[in-house]
Amino acid sequence: MPTHGIGRWGHLVTREPPKKKKDRHQMKPILPATDTAYGTLNVIVSGYDLVIVEHYSQYIHNLCNRLGIKVSESYALPTKSTEVMLMQEQGTKMYVEALLKTHQRVVQLSSLDASLCPLFMDVMLKCQPEGVQLAVKVHTEADYHARFKARPEMEGLMTKLRH
């Protein structure tokens, strides 16, 4: 038919090559502190209630966006479980009373301005919900490695492959 191909334009646009996937486990450079700004900081939110911890870390992220503080990353740390044991008054057996799960979220800030820091900390502390612990500390390489769960059986297999 003479009308076949009318309106087709796909052959006119050059196709872009597919983007290469980035290596997921690459550490971002840690910014050092200057006279007017802090370096890379971790705001760590932890607690037993997942929903409250998640919402409060989301609030901190949105607060940073509104104040113009650059958030480089926001991620969750592996959940830690703690067993609370109870011993009877007369006896030696211990029974599991409760299983407490501690959830942690980290909002990583880069180059927080020193003049904005007191305001930022004050707003964060005034809006901190009950049952949530808040910590702000300088980001280190150990903090980066704490993000990933240890897999000793996998590491053992990797050493066997290398030798």
Side-chain angles (χ1 to χ4, degrees), residues 10 13-34 37-88 91-113 117 120-121 124-125 127-163:
V13 179
T14 58
R15 292 194 176 157
E16 294 179 18
K19 293 182 180 178
K20 293 180 183 177
K21 290 185 179 180
K22 286 192 254 178
D23 186 19
R24 286 186 170 191
H25 305 293
Q26 222 169 20
M27 186 173 156
K28 292 182 179 180
I30 299 172
L31 298 174
T34 62
Y38 293 97
T40 306
L41 296 176
N42 284 350
V43 178
I44 303 167
V45 179
S46 62
Y48 298 114
D49 191 352
L50 175 66
V51 176
I52 294 175
V53 169
E54 194 72 40
H55 279 256
Y56 187 54
S57 63
Q58 184 180 13
Y59 171 78
I60 291 172
H61 198 288
N62 290 337
L63 177 67
C64 290
N65 289 342
R66 287 196 177 186
L67 292 175
I69 301 168
K70 186 174 183 285
V71 177
S72 57
E73 278 187 294
S74 184
Y75 56 90
L77 290 176
T79 303
K80 294 184 177 96
S81 297
T82 307
E83 286 184 348
V84 178
M85 306 291 273
L86 182 69
M87 184 182 279
Q88 291 182 342
T92 57
K93 279 192 173 180
M94 294 180 78
Y95 297 100
V96 176
E97 180 70 21
L99 183 68
L100 299 175
K101 292 184 178 180
T102 306
H103 306 281
Q104 288 186 318
R105 298 291 179 267
V106 177
V107 180
Q108 195 174 89
L109 312 176
S110 59
S111 65
L112 173 62
D113 193 32
C117 185
F120 174 65
M121 292 297 291
M124 268 198 323
L125 290 172
C127 297
Q128 182 180 359
E130 290 183 13
V132 172
Q133 290 80 36
L134 181 70
V136 179
K137 61 182 223 166
V138 178
H139 180 67
T140 59
E141 198 168 331
D143 294 331
Y144 174 75
H145 293 295
R147 293 173 62 170
F148 309 109
K149 285 187 175 179
R151 295 168 54 179
E153 67 277 350
M154 188 75 144
E155 291 170 6
L157 291 172
M158 293 294 281
T159 54
K160 285 181 183 178
L161 284 174
R162 289 184 190 135
H163 296 308

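- Annotation: side chain of Met124 is in contact with side chain of Tyr56 (closest heavy-atom distance under 4.5 Å).
- Annotation for Ala146 and Leu77: closest pair O-CD2, 3.9 Å, computed over non-hydrogen atoms.
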Given side chain to side chain contact (heavy atoms under 4.5 Å, CB included), test Gln108 with Tyr75 step by step and report yes or no. CA-CA 8 Å; Gln108 195 174 89; Tyr75 56 90; 4.0 Å; yes
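- Remark: Leu100 CG to Glu83 CD distance equals 10.0 Å, nearest 0.5 Å.
- At a threshold of 4.5 Å between non-hydrogen side-chain atoms, the residues Lys80 and Gln104 count as touching.
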Anything under 3.5 Å between a donor and an acceptor, one on a side chain of residues 152-159, the other on a protein residue two or more places apart or in another chain? List them.
from: Thr159; atom 1: OG1; to: Glu155; atom 2: O; distance (Å): 3.4
from: Thr159; atom 1: OG1; to: Gly156; atom 2: O; distance (Å): 2.7

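- Residues Tyr144 and Asn42 fail the side-chain proximity criterion, which asks for heavy atoms closer than 4.5 Å.
- One finds the CG atom of Leu67 at 11.0 Å from the CG atom of Asn62 (value rounded to the nearest 0.5 Å).
- Within the model, atoms CD1 of Ile69 and OH of Tyr38 stand 11.5 Å from one another, a figure rounded to the nearest 0.5 Å.
- You'll find the side chain of Leu41 reaches within 4.5 Å of the side chain of Val138, heavy atoms only.
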What do the steps show when you test Ile60 against Arg105 for side chain to side chain contact (heavy atoms under 4.5 Å, CB included), and what is the final call? CA-CA 11 Å; Ile60 291 172; Arg105 298 291 179 267; over 6 Å; no
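- What you find for Ser111 and Ala37 is that their closest heavy atoms are C-CB, 4.4 Å.
- Summarising the local packing, CZ of Phe120 is surrounded by more than 12 heavy atoms from other residues, nucleotides or ligands at distances under 6.0 Å.
- Of all non-hydrogen atoms in Lys101 and Ser81, the two that sit nearest each other are CG-OG, 3.8 Å.
- Checked against side chain to side chain donor-acceptor pair (under 3.5 Å), Asp113 has the following partners two or more places apart in sequence or in another chain: Ser115.
- Applying the side-chain contact (heavy atoms from CB on, under 4.5 Å) rule to Ile52 yields the partners Asp49, Pro129, Val132; only residues at least two apart in sequence or on another chain are considered.
- The minimum heavy-atom distance linking Met94 with Met85 is given by the pair CE-CB, 3.4 Å.
- Across Ser57 and Glu54, no two heavy atoms sit closer than the pair OG-O, 2.9 Å.
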Walk me through whether Ile44 and Val136 qualify under side chain to side chain contact (heavy atoms under 4.5 Å, CB included). CA-CA 6 Å; Ile44 303 167; Val136 179; over 6 Å; no
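- With a 4.5 Å cut-off on side-chain heavy atoms, Gln88 and Tyr95 count as touching.
- Side-chain contact between His61 and Val43 is absent, with no heavy atoms from C-beta onward closer than 4.5 Å.
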List the steps, then state whether side chain to side chain contact (heavy atoms under 4.5 Å, CB included) holds for Leu134 with Leu125. CA-CA 8 Å; Leu134 181 70; Leu125 290 172; 3.8 Å; yes
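- Residues Val53 and Ser46 share a closest heavy-atom pair of CG2-C, 3.9 Å.
- One distance of note links NE2 of His55 with CG of Leu50; it measures 9.0 Å at 0.5 Å rounding.
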